[in-house]
Amino acid sequence: MLQGRCLCKISLLIMIVIALSAYGPYDFLGLYGNSQAVDMFLTDGESVCSIGQIYRKEIKNDQTLYFVKDAQVVTDQGTLSSTSYYFNFNSDSIPIKSTIKLKGIIAKFQEPRNQGEFNIKDYYNSIGVCFQIKEVELIDVNEPELLDYDWFYRLNKSFVNVFRCTIEVEEAGILSSISVGNKSELDSDTRNLFQGVGLAHILAVSGLHVSIVCMLLYKLLRRFGASFLISSIISGTVAFAYGIFTGGSISSIRAIGMFLFYLLAQVLGESY
């Protein structure tokens, strides 16, 4: 097994490679290639037709945000392939993994005008989304036939409905965000309050939530006599499902990945 300085050197090398690709003159990891292609090929306010697959959806400001990947965007200049975007729609009835065809207007993400302002373009590019399509007109929807990929979405929504029906609106929004990663009920005043006191990270599903839910399960299984392997398989599966259930945010993916490394160390008898 790799230990000590050897593992440290390998980790440092990976960090250097990523940093050079992100901030150096050559983007050899392809971190920004898709975004640059969009900037050169598409024009803000241009009418387009697109075909792609929905891989995620979330409710925001009483509308549903659909995230589309592996999309082809047809314009008067030609076709842009293998891109990704999101669009707003007034219904959440379109299932995840559906292949859609739509018409709409290109809306590029604006770069910040003031130093220190939130960079919405960098944020969406970091999660693989290159632009938005507005004024959407759905032409065709092909729903998946074999599996129900909306099960976790409906379960998440049912939790939010329980919170909404049993406690006050403000508390329901906070609890929905903290426990199931759903910020649709969180009002802007509460969000700004948490940001103002430096506690906005509590509202995102991260290592704290994974530790409470998954680590507790692992410790209980070990206490009741389950082996390292069985305890790790069960708690690792729950962690993976919890990540999908809460929307698969960057913070939750990072936390679950580190938790899986912890389980691997436990099974192999190595130091985490």
Side-chain angles (χ1 to χ4, degrees), residues 54-67 86-97 118 120 123-124 126-129 148-221 223-224 231 234-260 262-263:
I54 294 173
Y55 69 93
R56 176 185 166 195
K57 62 181 179 180
E58 63 182 47
I59 297 176
K60 189 173 183 179
N61 298 330
D62 297 328
Q63 284 200 325
T64 304
L65 269 62
Y66 289 94
F67 295 83
Y86 81 85
F87 66 92
N88 295 337
F89 203 60
N90 54 11
S91 171
D92 65 347
S93 60
I94 307 175
I96 296 174
K97 297 294 184 180
F118 176 66
I120 190 172
Y123 167 73
Y124 276 111
S126 71
I127 61 175
V129 179
D148 182 10
Y149 294 95
D150 262 14
W151 187 82
F152 280 108
Y153 173 81
R154 290 196 301 270
L155 181 63
N156 187 295
K157 191 176 179 180
S158 66
F159 269 79
V160 175
N161 289 333
V162 170
F163 297 149
R164 185 190 303 156
C165 295
T166 54
I167 58 179
E168 296 294 332
V169 175
E170 183 177 347
E171 285 77 7
I174 296 174
L175 192 56
S176 299
S177 179
I178 291 175
S179 59
V180 299
N182 192 320
K183 297 182 175 63
S184 60
E185 301 295 317
L186 192 65
D187 62 87
S188 58
D189 292 338
T190 303
R191 190 194 303 267
N192 293 335
L193 178 63
F194 274 85
Q195 291 175 345
V197 297
L199 294 175
H201 60 279
I202 294 179
L203 300 175
V205 175
S206 59
L208 173 65
H209 307 74
V210 173
S211 298
I212 292 175
V213 176
C214 304
M215 189 67 77
L216 176 61
L217 175 62
Y218 176 78
K219 295 294 185 181
L220 287 175
L221 289 172
R223 182 177 292 274
F224 286 118
S231 301
I234 295 175
S235 55
T237 302
V238 170
F240 184 77
Y242 183 66
I244 299 175
F245 170 67
T246 55
S249 64
I250 298 297
S251 58
S252 65
I253 292 174
R254 180 183 64 245
I256 292 169
M258 295 306 299
F259 178 67
L260 295 179
Y262 170 80
L263 296 179

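Only this structure's heavy atoms are used, side chains among them; waters, hydrogens and symmetry mates stay out. Treat the numbers as computed from the prediction; the structure is a model and nothing was measured. Nothing fancy with the numbering, it's 1 onward along the sequence.
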Quick one, [X] and [Y] - any side-chain contact, counting heavy atoms below 4.5 Å?
X    : Y    : answer
F152 : N156 : no
S252 : Y242 : no
E171 : F163 : no
N88  : T64  : no
H209 : T246 : no
L260 : F240 : no
K57  : D150 : yes

Subject >> For Y262 against K219, the heavy-atom pair lying closest together >> reply: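 Between these two residues, the closest heavy atoms are OH-NZ, 3.4 Å.
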Subject >> For the student: nearest non-hydrogen atoms of S91 and Y66, plus distance >> reply: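 That closest heavy-atom pairing would be O-OH, 2.6 Å.
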Could you grab the distance from atom [atom1] of [X] to atom [atom2] of [Y], nearest 0.5 Å is fine?
X    : Y    : atom1 : atom2 : value
I234 : L221 : CD1   : CG    : 5.0 Å
I96  : W151 : CD1   : CH2   : 13.0 Å
F89  : L65  : CZ    : CG    : 13.0 Å
T237 : L263 : OG1   : CG    : 9.5 Å
S235 : L220 : OG    : CG    : 10.5 Å

Original post:
Y153: what forms a side chain to side chain donor-acceptor pair (under 3.5 Å) with it, not counting sequence neighbours?
Top reply: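 Expected list: D92.
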Original post:
Taking only residues two or more places apart in sequence or in another chain, which ones pass side chain to side chain donor-acceptor pair (under 3.5 Å) with R164?
Top reply: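 Expected list: N161, E185.
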Subject >> Under 3.5 Å: donor-acceptor pair, side chain of S176, backbone of A172 >> reply: yes
Original post:
Should we say atom CZ of R223 is surrounded by more than 12 heavy atoms from elsewhere, each under 6.0 Å from it?
Top reply: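 No, because the 6.0 Å sphere around CZ of R223 holds 12 heavy atoms or fewer from other groups.
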**OP:** If the plane angle is over 60° it's perpendicular, under 30° parallel, otherwise tilted; pick one for F67 and Y86.
**Re:**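 Because their plane-to-plane angle lies in the 30° to 60° range, the rings of F67 and Y86 count as tilted.
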